[in-house]
Amino acid sequence: MFAMVLQGVGQPLVARTLPDRTPGPGEILAHVAACAVCRTDLHVVDGELKTPRLPLIPGHEIVARVISCGPGVTGFASGMRIGIPWLGWACGTCPQCRGGRENLCSEARFTGYQIDGGYADRVVADARFCFALPDAYDDLHAAPLLCAGLIGWRSLVKAGDGRRLGIYGFGAAAHIVIQVARWQGREVYAFTRPGDEEAQRFAKSMGAIWAGPSTASPPEPLDAAILFAPVGFLVPLALQAVRPGGRVVCGGIHMSDIPSFPYDILWGEREIVSVANLTRRDAEEFLRLAPKVPVRTEVERFDLADANSALDALRAGKLRGAAVLVPPSS
């Protein structure tokens, strides 16, 4: 098995040839066709998410084809195309799991963080957390649906039904969410890094009725705002942008510290909520919905061996849409 491996946080990934694994009970061994690059991968590689299992193969937006199934696996067969997302294992017995909120399981393990992920040509995954993918998408364009799409969808649901939606940080998740929001009949206001006129043009091309710097006020009060940019100082700005009763959704797994702010910008029953991981129900709902919109993903292809270059491009904000890694055998 060929893989790009993280040996230590803050270090570049290293190409390695590793022994193949045999799937255990409840597991699937699959050939990776494509793996999108997520900002969470950056948080893992750069050490902003603590205690990754090292050495580690990152990647959790995986499109793969089943090679073989371990004992007890049903519903999957050799050759079937599957998607493998961030949530890779949950206990299934705690109150959160029994209540359908396995995203909050205290024992949960995550693909590309505690479980080896998709920056490789083979992957082993828990069959309970694998999903069939819509035929409408090829491998390259399906990959971003598996985190940018799923977390974006959960964030959009958390935002409520308000008509005016602000999106802070216009990257992979935002370019998917805006399509769903516009399909739902919402007005979208896009906020980007100050001076990033290319991202503002991209947002407008995707249907935003206004795009500007994150420090600007929108032309109308927002009903809700979603923050995909992992920047804490945007929270008070978003609170100031939403109307009384509005909601600010923090959609990232990591964010820099939120600065103190005056109570009066929270008062008026404004809310701040976070999105943590995803559930299997999120995946089932969104993967059914995406072809109906239809969601179109913008991707930039990288060879798997160039994973460090893809991470650098994401870190520098130079991607339009999502980077997707492709193993040499694909």
Side-chain angles (χ1 to χ4, degrees), residues 39 42 144 148-149 151-153 155-156 158-252 254-262 264-266 268 270-275 293 295-298 300 313-322:
R39 183 162 293 277
L42 274 186
I151 292 298
W153 170 243
S155 299
L156 186 61
K158 283 276 191 183
D161 297 327
R163 184 167 64 92
R164 295 191 182 115
L165 177 70
I167 299 178
Y168 288 76
F170 207 84
H175 99 286
I176 292 173
V177 167
I178 190 174
Q179 296 176 64
V180 181
R182 295 292 297 130
W183 180 74
Q184 293 174 334
R186 306 186 198 225
E187 297 176 357
V188 177
Y189 300 75
F191 298 81
T192 73
R193 296 178 184 180
D196 194 347
E197 295 181 1
E198 175 58 31
Q200 292 166 24
R201 285 192 293 269
F202 182 36
K204 288 180 179 178
S205 75
M206 300 297 291
I209 66 169
W210 177 90
S214 57
T215 51
S217 297
E220 301 285 348
L222 305 175
D223 296 312
I226 301 173
L227 275 64
F228 293 122
V231 183
F233 80 78
L234 294 177
V235 172
L237 294 178
L239 280 172
Q240 290 175 295
V242 300
R243 59 163 175 78
R247 179 178 292 178
V248 174
V249 180
C250 300
H254 169 82
M255 179 179 281
S256 60
D257 289 346
I258 301 171
S260 62
F261 53 84
D264 64 357
I265 67 173
L266 179 63
R270 295 175 177 87
E271 299 178 299
I272 305 171
V273 300
S274 69
V275 167
V293 173
V295 169
R296 173 176 56 87
T297 57
E298 296 269 348
E300 184 173 345
L314 177 57
R315 191 182 284 110
K318 294 181 178 179
L319 292 172
R320 178 183 172 103

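- Distance check: His175 NE2 to Leu319 CG gives 11.0 Å after rounding to the nearest 0.5 Å.
- Minimum interatomic distance between Ile167 and Ala174 (heavy atoms only, all atoms of both residues): CG2-CB, 3.6 Å.
- When all heavy atoms of Ile272 and Cys250 are compared, the closest pair comes out as CG2-SG, 4.1 Å.
- Across all non-hydrogen atoms, the minimal contact from Pro236 to Ile265 is O-CD1, 3.7 Å.
- Here the straight-line distance linking atom CZ of Arg163 with atom CG of Asp223 works out to 7.5 Å at 0.5 Å rounding.
- Listed here is the closest heavy atom pair of Ala190 and Phe170: CB-CD1, 3.9 Å.
- For Ser155 against Gly251, the heavy-atom pair with the smallest separation is OG-CA, 3.7 Å.
- Arg186 places no side-chain N or O within donor-acceptor distance of the main-chain N or O of Leu165, the cut-off being under 3.5 Å.
- Here the CG atom belonging to Leu234 is positioned 9.0 Å from the OG1 atom belonging to Thr215, to the nearest 0.5 angstrom.
- Arg320 is listed as a side-chain neighbour of Glu198, based on a closest heavy-atom distance under 4.5 Å.
- At most 12 non-hydrogen atoms from other residues, nucleotides or ligands lie less than 6.0 angstrom from CD of Glu197.
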- Query: Going through the checks in order, is the side chain to side chain contact (heavy atoms under 4.5 Å, CB included) test met by Val177 and Phe228?
  - Reply: CA-CA 11 Å; Val177 167; Phe228 293 122; 3.9 Å; yes
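- Note: Arg243 CZ to Arg164 CZ = 9.5 Å, rounded to the nearest 0.5 Å.
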With side chain to side chain contact (heavy atoms under 4.5 Å, CB included) as the test, would you mind laying out the steps for Tyr189 and Glu220 before giving the verdict?
-> CA-CA 9 Å; Tyr189 300 75; Glu220 301 285 348; 3.8 Å; yes
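- Remark: the backbone N or O of Lys158 is paired with a side-chain donor or acceptor of Arg247 at under 3.5 angstrom.
- When all heavy atoms of Leu227 and Ala238 are compared, the pair lying nearest together is CD1-CB, 3.7 Å.
- Checking side-chain atoms of Gln179 against main-chain N and O of Arg296 turns up a donor-acceptor pair under 3.5 Å.
- Side-chain contact between Gln200 and Pro213: present, with at least one pair of heavy atoms (C-beta onward) separated by less than 4.5 Å.
- A donor-acceptor contact shorter than 3.5 Å is absent between the side chain of Ser214 and the backbone of Phe191.
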Q: Tell me, with the steps shown, if Val235 and Met255 meet side chain to side chain contact (heavy atoms under 4.5 Å, CB included).
A: CA-CA 10 Å; Val235 172; Met255 179 179 281; 3.8 Å; yes
- Message: side chain to side chain contact (heavy atoms under 4.5 Å, CB included) for Val231 and Tyr168? Distances and angles first, verdict last.
- Response: CA-CA 10 Å; Val231 183; Tyr168 288 76; over 6 Å; no
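- In this structure, the separation between CG on Leu237 and CZ on Phe261 is 11.0 Å, given to the nearest 0.5 Å.
- Looking only at distances, a side-chain donor or acceptor of Arg270 sits under 3.5 Å from a matching main-chain atom of Val242.
- Of the inter-residue distances, the one linking Glu187 atom CD with Arg182 atom CZ reads 7.5 Å to the nearest 0.5 angstrom.
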